[in-house]
Visitor: 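Below you'll find the structure I mean.
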Amino acid sequence: MTTTQIPTPARTQDVDPPTKPPRRQREGAAWVFLSPWVLGAAVLTLLPMAVSLYLSFTDYDLFNPPQWVGLRNYTQMFTEDPRYWRSVVATLTYVVIAVPLQLGLALVVALALKGMRRGKGFYRSAFYAPSLLGTSMSIALVWRAIFNDGGTVDNLLGTGGWVNKPGWALFTVALLTVWQFGAPMVIFLAGLQQIPTELYEAAAVDGASRWRQFLSITVPMLSPVIFFNLVLQTIQAFQVFTPAFAVSAGKGGPADSTLFYTLYLYDRGFVASHMGYASAMAWALLLVIGAVTAVLFRTSRSWVFYASEGDR
């Protein structure tokens with residue numbers, strides 16, 4: 001009797017699991033991908049900032065080599081230049097007027113859009129359009145024509161040209177900023193849509209009015225978004241330039257009422273060719289914006305509510 005021998009399968013070699021590349025190699029690959037951003041930040045941001053800081057301690061007119069003068073630019077700016085302080089007052093007045101009005105209007109429109117059933121996309125796009133167009137010089141010039149002598153406002157109200165009145169010119173520029181409420185409105189609308197409807201239903205069952213629901217539910221739940229918009233719009237308001245330049249024809253008038261900080265900085269640096277003085281103004285503005293932002297973050301602990309933390 002013959003027996004058949006069943007062949008045994010060939011023994012396969014054990015395959016080692018793939019190993020991760022060394023940490024140094026992974027970090028090297030990450031730096032390769034980050035190198036365009038790092039190079040751009042160094043060349044286009046950090047290096048110009050360093051040069052600007054150096055120029056702020058020099059007398060530089062764009063044509064001759066800078067001459068080191070120490071703190072003279074800062075001393076002159078704070079103690080010898082009355083127009084500098086008028087620009088500070090005009091900018092602070094503008095920020096106090098424009099930012100609350102813009103955020104208030106954006107929130108009102110966002111609340112109205114939230115309750116709409118039809119056409120929400122159209123109205124959202126229509127209200128957002130001024131934020132895309134309002135920063136252009138052409139729109140600022142049209143705005144000047146509307147509020148100038150013989151313009152639309154003058155023909156309707158008979159009050160004369162607002163841009164030629166010291167008491168109204170700054171308010172004209174603020175209105176242009178308020179008109180550009182589309183960007184914060186979209187952010188408010190996104191925040192409103194994240195608030196659970198169950199909270200409003202429970203409040204309605206308890207007999208809370210719409211106003212009480214707004215104060216007790218909408219504002220606390222929306223406070224992080226309000227804080228974000230407040231910081232963003234405040235920083236942008238301190239840097240406003242195009243509307244003031246167009247409305248005042250680059251002079252900051254009448255009577256320096258629209259001499260905003262950035263407009264005066266432009267005048268000192270590129271009109272009067274005092275680039276060292278303008279650099280000192282730029283660094284002072286940077287420090288002020290940083291201080292204001294720090295104050296906003298510090299005070300936010302008492303009124304910004306985060307649902308994940310469960311406290312104020």
Side-chain angles (χ1 to χ4, degrees), residues 34-96 98-99 135-137 140 169-170 173 177 231-297:
L34 287 173
S35 59
W37 181 90
V38 174
L39 182 63
V43 175
L44 301 178
T45 302
L46 297 180
L47 180 60
M49 288 181 64
V51 173
S52 173
L53 181 60
Y54 166 73
L55 291 179
S56 69
F57 297 100
T58 66
D59 182 11
Y60 181 48
D61 59 2
L62 295 176
F63 303 102
N64 300 308
Q67 301 294 327
W68 183 267
V69 295
L71 297 175
R72 191 181 73 182
N73 289 328
Y74 293 94
T75 303
Q76 180 182 355
M77 183 171 58
F78 293 130
T79 62
E80 303 175 11
D81 191 353
R83 294 198 75 197
Y84 172 81
W85 289 109
R86 286 199 291 270
S87 70
V88 171
V89 172
T91 303
L92 291 177
T93 305
Y94 166 81
V95 171
V96 172
V99 173
T135 56
S136 65
M137 179 61 73
L170 187 145
V173 180
T177 301
V231 172
L232 195 64
Q233 298 306 316
T234 300
I235 294 175
Q236 292 180 359
F238 272 104
Q239 303 175 73
V240 65
F241 173 79
T242 303
F245 184 87
V247 169
S248 66
K251 303 300 183 181
D256 288 344
S257 60
T258 59
L259 185 65
F260 291 169
Y261 196 96
T262 52
L263 182 58
Y264 189 51
L265 188 153
Y266 167 84
D267 178 80
R268 292 293 86 196
F270 295 98
V271 178
S273 296
H274 294 165
M275 188 56 66
Y277 190 86
S279 299
M281 288 185 61
W283 276 94
L285 178 62
L286 175 64
L287 295 177
V288 169
I289 292 177
V292 171
T293 304
V295 170
L296 291 176
F297 271 91

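All of these numbers come straight from a predicted model, not from anything done at the bench. Hydrogens, waters and symmetry mates play no part in the numbers below; they use all other heavy atoms, side chains included.
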Visitor: Name the orientation class of the two ring planes belonging to F260 and Y94 (parallel below 30°, tilted from 30 to 60°, perpendicular beyond 60°).
Guide: tilted
Visitor: Would you say Y74 and S56 are linked by a side-chain donor-acceptor pair, where the criterion is simply a distance under 3.5 Å?
Guide: yes
Visitor: Enter the distance from L62:CG to H274:NE2 here, rounded to the nearest 0.5 Å.
Guide: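 NE2 of H274 is found 10.0 Å from CG of L62.
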Visitor: Using modelled atom types and a 3.5 Å cut-off, is there a donor and acceptor pairing between side-chain atoms of T91 and backbone atoms of Y261?
Guide: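 Here the side-chain-to-backbone pair exists.
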Visitor: Check whether any side-chain N or O of S52 sits under 3.5 Å from a backbone N or O of P48 as a donor-acceptor pair, and report yes or no.
Guide: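 Absent.
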Visitor: Are any side-chain N or O atoms of W68 and backbone N or O atoms of F57, one a donor and one an acceptor, separated by less than 3.5 Å?
Guide: no
Visitor: Below 4.5 Å, heavy atoms only, C-beta onward: do Y264 and R86 meet side chain to side chain?
Guide: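 Side-chain contact under 4.5 Å: no.
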Visitor: Look only at the side chain of N73 and the backbone of T58, and say whether a donor-acceptor pair between them is shorter than 3.5 Å.
Guide: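 Present.
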Visitor: Report the C-alpha separation of F238 and L92 in whole Å, then their side-chain angles, then the decisive distance to 0.1 Å, and conclude whether the side chain to side chain contact (heavy atoms under 4.5 Å, CB included) test is met.
Guide: CA-CA 8 Å; F238 272 104; L92 291 177; 3.7 Å; yes
Visitor: Run Y84 and Q76 through side chain to side chain contact (heavy atoms under 4.5 Å, CB included) and show every step you take.
Guide: CA-CA 10 Å; Y84 172 81; Q76 180 182 355; over 6 Å; no
Visitor: Can you tell if the side chain of R72 reaches within under 4.5 Å of the side chain of D59, non-hydrogen atoms only?
Guide: yes
Visitor: Identify the heavy atoms of M49 and L286 that sit nearest to each other, and give their distance.
Guide: CE-CD2, 4.3 Å
Visitor: Testing the basics here: between S257 and L170, what is the closest heavy-atom pair and its distance to 0.1 Å?
Guide: O-CD1, 3.3 Å
Visitor: May I ask you to check whether over 12 heavy atoms, not counting those of F270, lie within 6.0 Å of atom CZ?
Guide: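 No - once you tally the heavy atoms of other residues, nucleotides and ligands closer than 6.0 Å, there are 12 at most.
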